[in-house]
Amino acid sequence: MSRSRQLRWIAGAGLALGLALVGCQPRVEPLQPTAAATTAGGAAASLESAVEAGAQPAHEWQENPRLAQIAIELDEQGRWQQTKVDYVAAGSERMLTLFLSDAGMREQRISLEPLDLPVLPVEAVEQLRPLPDGALPPARLLAAAEEAIQACALGQVGLIVYTTGAPATWDEQAGAWRQPPAWRAVLADADQTSVVVDPVSGAGLENSC
């Protein structure tokens with residue numbers, strides 16, 4: 001999978017930039033409000049709340065689920081609109097996706113096959129680490145990444161994605177990650193211009209634009 005396709009997956013799946021960026025429509029389970037539904041407001045916009053809200057549904061879904069990605073959608077004024085949290089599990093042909101908004105929380109179980117994404121084996125999932133404790137929340141990350149944003153000529157950032165790259169960066173044939181599944185952050189504007197930064201420092205990473 002090319003880097004541009006990886007970024008389309010990371011920045012596009014299920015949020016405002018849309019699954020059209022990936023080029024197909026996934027099979028999904030019917031959307032149902034979960035028992036943990038909550039009014040989101042400022043609380044659910046935080047990284048900690050997203051992780052906490054997803055913990056119970058993820059463990060009900062699969063044994064030993066791993067957090068793979070948190071995507072936060074902003075409006076034109078930079079205000080929070082929605083958070084999308086993705087989980088993967090060893091051997092699962094689907095990915096659990098939770099959506100947090102002012103309306104509460106809902107979930108989808110998206111088939112990996114139509115997205116041309118691999119099913120992860122145990123050894124791949126075991127390498128996925130929790131979100132770093134020092135990961136900057138959206139407003140602070142944008143401020144810390146200002147230099148990288150300007151260097152890559154981004155417009156108004158509308159999407160912030162904290163991601164391991166999983167499952168897109170797993171090479172089934174090689175049985176290895178194409179790049180280590182360390183957490184990074186992708187910032188994208190409405191034109192799909194993006195920059196990849198360190199989620200703790202906000203510094204641009206190598207080949208970040």
Side-chain angles (χ1 to χ4, degrees), residues 3-22 31 36-55 67-87 97-108 130-166 168 182-209:
R3 181 177 185 277
S4 62
R5 190 173 179 186
Q6 290 170 19
L7 287 178
R8 287 201 302 272
W9 157 246
I10 290 169
L15 281 171
L17 298 185
L19 284 166
L21 300 180
V22 189
L31 293 178
T38 177
T39 54
S46 73
L47 294 177
E48 294 84 356
S49 295
V51 173
E52 290 175 3
L67 178 66
Q69 182 166 285
I70 299 175
I72 297 173
E73 186 179 10
L74 307 174
D75 66 15
E76 294 179 354
Q77 286 72 46
R79 295 173 303 197
W80 174 78
Q81 287 191 309
Q82 178 175 249
T83 298
K84 183 175 75 72
V85 186
D86 295 323
Y87 289 88
T97 296
L98 304 172
F99 296 88
L100 299 171
S101 71
D102 282 329
M105 184 166 69
R106 58 189 176 92
E107 72 176 57
Q108 287 182 329
L131 184 73
D133 290 338
L136 296 173
R140 290 176 57 194
L141 181 63
L142 289 175
E146 183 60 32
E147 183 176 341
I149 291 171
Q150 292 183 359
C152 294
L154 265 69
Q156 175 72 38
V157 174
L159 189 65
I160 301 173
V161 186
Y162 302 81
T163 184
T164 62
W183 283 91
R184 49 188 59 83
V186 179
L187 314 179
D189 64 17
D191 295 325
Q192 302 168 26
T193 303
S194 63
V195 59
V196 184
V197 302
D198 185 290
V200 175
S201 70
L205 300 180
E206 185 177 0
N207 300 319
S208 59
C209 297

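The first residue in the sequence is number 1, and the count goes up from there.
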J.: Considering all heavy atoms of both residues, which atom of Ala68 and which atom of Ala166 are nearest to each other, and what is their separation?
T.: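 Heavy atoms of Ala68 and Ala166 come nearest at CB-O, 3.7 Å.
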J.: Which heavy atom in Arg184 sits nearest to a heavy atom in Pro199, and how many Å separate them?
T.: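 Minimum heavy-atom contact is CA-CD, 3.6 Å.
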J.: As a quick check of understanding, evaluate side-chain contact (heavy atoms from CB on, under 4.5 Å) for Leu141 and Val157, giving each step before the final call.
T.: CA-CA 11 Å; Leu141 181 63; Val157 174; over 6 Å; no
J.: With the side chain counted from C-beta on, respond yes when Trp80 and Asp102 share a heavy-atom pair under 4.5 Å apart, and no when they do not.
T.: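 Counting from C-beta outward, Trp80 and Asp102 do come under 4.5 Å.
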J.: Side chains of Val196 and Val186: does their closest heavy-atom pair fall under 4.5 Å?
T.: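 SC-SC contact between Val196 and Val186 confirmed.
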J.: Is Ser101 reaching over with its side chain to a backbone N or O of Gln82, donor-acceptor style, under 3.5 angstrom?
T.: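 No.
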J.: Please name the pair of heavy atoms, one in Leu154 and one in Leu187, separated by the smallest distance, quoted to 0.1 Å.
T.: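 Smallest heavy-atom distance, with atoms named: CD2-O, 3.4 Å.
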J.: What heavy-atom pair brings Val85 and Ala50 nearest, and what distance separates the two atoms?
T.: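 Looking at all heavy atoms of both residues, the shortest contact is CG2-CB, 3.9 Å.
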J.: Gln156 versus Asp189: any side-chain heavy-atom pair under 4.5 Å?
T.: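 A side-chain contact under 4.5 Å is absent here.
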J.: Say whether, by atom type as modelled, one donor and one acceptor occur between the side chain of Asp75 and the main chain of Gln77 under 3.5 angstrom.
T.: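 Yes, because the side chain of Asp75 sits within donor-acceptor range (under 3.5 Å) of the backbone of Gln77.
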J.: Would you confirm whether Tyr162, through its side chain, and Ile72, through its main-chain N or O, come within 3.5 Å as a donor-acceptor pair?
T.: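 The answer is no, because no donor-acceptor pair under 3.5 Å joins these two groups.
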J.: Indicate the atoms forming the closest heavy-atom contact of Ser208 with Cys152, along with that distance.
T.: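 Answer, listing the atom of Ser208 first, then Cys152: OG-SG, 4.1 Å.
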J.: Drop me the distance from Ile160's CD1 to Thr83's OG1, to the nearest 0.5 angstrom.
T.: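 OG1 of Thr83 is found 10.0 Å from CD1 of Ile160.
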J.: Might you point out which heavy atoms bring Gly165 and Thr163 nearest each other, and give the distance in Å?
T.: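 So the two residues come closest at N-OG1, 2.9 Å.
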J.: Do the side chains of Leu136 and Val197 get nearer than 4.5 Å, heavy atoms only?
T.: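 A side-chain contact under 4.5 Å is absent here.
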J.: How long is the straight-line distance from CZ of Arg79 back to CG of Leu74, given to the nearest 0.5 Å?
T.: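 It comes to 10.5 Å.
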J.: Between Arg106 (side chain) and Gly104 (backbone), is there a donor-acceptor pair under 3.5 Å?
T.: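 Not confirmed, Arg106 side chain does not pair with Gly104 backbone.
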J.: I need the Ile149 CD1 to Ser194 OG distance, nearest 0.5 Å.
T.: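 Separation between the atoms: 11.5 Å.
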J.: Is the closest side-chain heavy-atom distance between Gln69 and Thr164 below 4.5 Å?
T.: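 Counting from C-beta outward, Gln69 and Thr164 never come under 4.5 Å.
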J.: Do the side chains of Trp183 and Val200 get nearer than 4.5 Å, heavy atoms only?
T.: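 Result no, sub-4.5 Å side-chain heavy-atom pair not found.
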